[in-house]
Amino acid sequence: MNYKLIIFDADGTLRYCTVEKQPCPNKDGEWALFPDVVQKLSSFNWVPPGDKSGVGYGIASNQGGVGSGYFSENMAMSLLEDTFRAAFGFSPAEDTVKMCPHIPYSGCSCRKPAPGMLEELMKLYKVTPEQVLFVGDRDDDMNAASNAGCDFQWISEFFGRNTAD
Ligand SMILES: [Mg+2]
Ligand SMILES: [Zn+2]
């Protein structure tokens with residue numbers, strides 16, 4: 001893969017919620033990485049914005065639970081940054097972890113399938129859509145990639161993971 005930037009969805013892609021019947025973690029201790037994530041991500045030479053010697057990285061996550069009042073925006077971001085650190089093995093560069101805190105159908109430009117978060121990351125890394133891959137587990141992810149003009153891979157393809165869970 002010759003992508004300059006690879007962006008990941010979080011829930012259902014990098015991590016899963018360990019609380020039964022809850023779609024995503026609301027606080028610390030409620031999530032775990034999928035077991036194939038660390039090994040797969042360690043095969044890339046990740047670089048922060050401004051460094052062209054490897055592959056850029058980012059997370060783009062819908063966190064509608066913030067808008068619905070289940071948890072705070074700070075908590076949602078802290079959980080995403082913790083997920084990033086566990087998955088990649090280092091701390092994310094500033095602005096590389098994106099989330100939409102808005103409720104569905106609020107008309108915001110960031111909630112996937114809108115392309116807002118992917119576009120912000122492309123701008124940050126100064127790359128064109130053809131240089132970008134987005135990896136996710138939902139139709140909203142696939143459509144966000146399409147709306148941003150990026151390539152898309154399902155988790156089954158990127159991680160070789162069975163999607164039955
Ligand atoms: Mg997901
Ligand atoms: Zn939004």
Side-chain angles (χ1 to χ4, degrees), residues 3 5-41 44 56-88 92 94-125 129 132-165:
Y3 294 109
L5 170 61
I6 304 180
I7 304 169
F8 296 87
D9 167 55
D11 293 299
T13 296
L14 298 179
R15 71 182 179 191
Y16 63 95
C17 183
T18 53
V19 181
E20 220 177 314
K21 294 182 180 160
Q22 188 177 296
C24 67
N26 293 353
K27 56 180 190 291
D28 293 334
E30 293 189 347
W31 61 274
L33 288 184
F34 287 103
D36 51 16
V37 167
V38 168
Q39 195 189 352
K40 176 68 181 178
L41 295 195
F44 293 86
Y57 53 80
I59 284 181
S61 173
N62 285 350
Q63 292 294 321
V66 173
S68 303
Y70 290 117
F71 46 95
S72 71
E73 189 162 345
N74 282 347
M75 176 55 76
M77 182 51 84
S78 150
L79 290 167
L80 286 172
E81 288 176 348
D82 287 349
T83 300
F84 182 99
R85 276 187 283 271
F88 286 79
E94 199 176 351
D95 288 335
T96 56
V97 176
K98 301 288 185 195
M99 72 167 177
C100 166
H102 309 112
I103 54 169
Y105 309 110
S106 67
C108 72
S109 60
C110 38
R111 187 178 170 86
K112 297 172 290 184
M117 293 188 283
L118 304 186
E119 287 171 350
E120 281 182 27
L121 286 164
M122 290 195 278
K123 213 172 179 184
L124 183 67
Y125 279 94
V132 181
L133 174 67
F134 184 45
V135 180
D137 70 314
R138 295 276 197 96
D139 284 351
D140 281 347
D141 297 317
M142 181 185 66
N143 292 326
S146 165
N147 289 332
C150 307
D151 279 355
F152 176 75
Q153 284 185 7
W154 295 104
I155 50 174
S156 54
E157 195 177 347
F158 187 84
F159 291 106
R161 185 188 306 156
N162 189 330
T163 51
D165 51 322

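Because the structure is a prediction, the values reported are computed rather than measured. Remember, it's 1-based here, ligands and their atoms both numbered in the order they're listed.
Using a 4.5 Å heavy-atom threshold, the side chains of Leu41 and Phe8 count as touching.
Distances from the Mg ion (ligand 1) to each N, O or S atom of Asp9 single out OD2 as the nearest. Note on His102: its N/O/S atom closest to the Zn ion (ligand 2) is ND1. The N, O or S atom of Asp11 lying closest to the Mg ion (ligand 1) is O.
In this structure, the side chain of Ser61 does not engage the main chain of Asp9 through any donor-acceptor pair within 3.5 Å.
Among the backbone and side-chain atoms of Asp137, an N/O/S atom is found under 2.8 Å from the Mg ion (ligand 1). Asp140 lies apart from the Mg ion (ligand 1) in this respect, since none of its N, O or S atoms is found at a distance under 2.8 Å.
With Phe71 as the aromatic partner, Lys27 does not meet the cation-pi criteria of under 6.0 angstrom to the ring centre and within 45 degrees of the ring axis.
Considering CZ of Arg15 and CG of Leu79, their distance stands at 6.0 Å, rounded to 0.5 Å.
Between Lys112 and the options Asn143, Asp140, Asp141, a side-chain hydrogen bond (donor to acceptor under 3.5 Å, both in side chains) holds for only Asp141.
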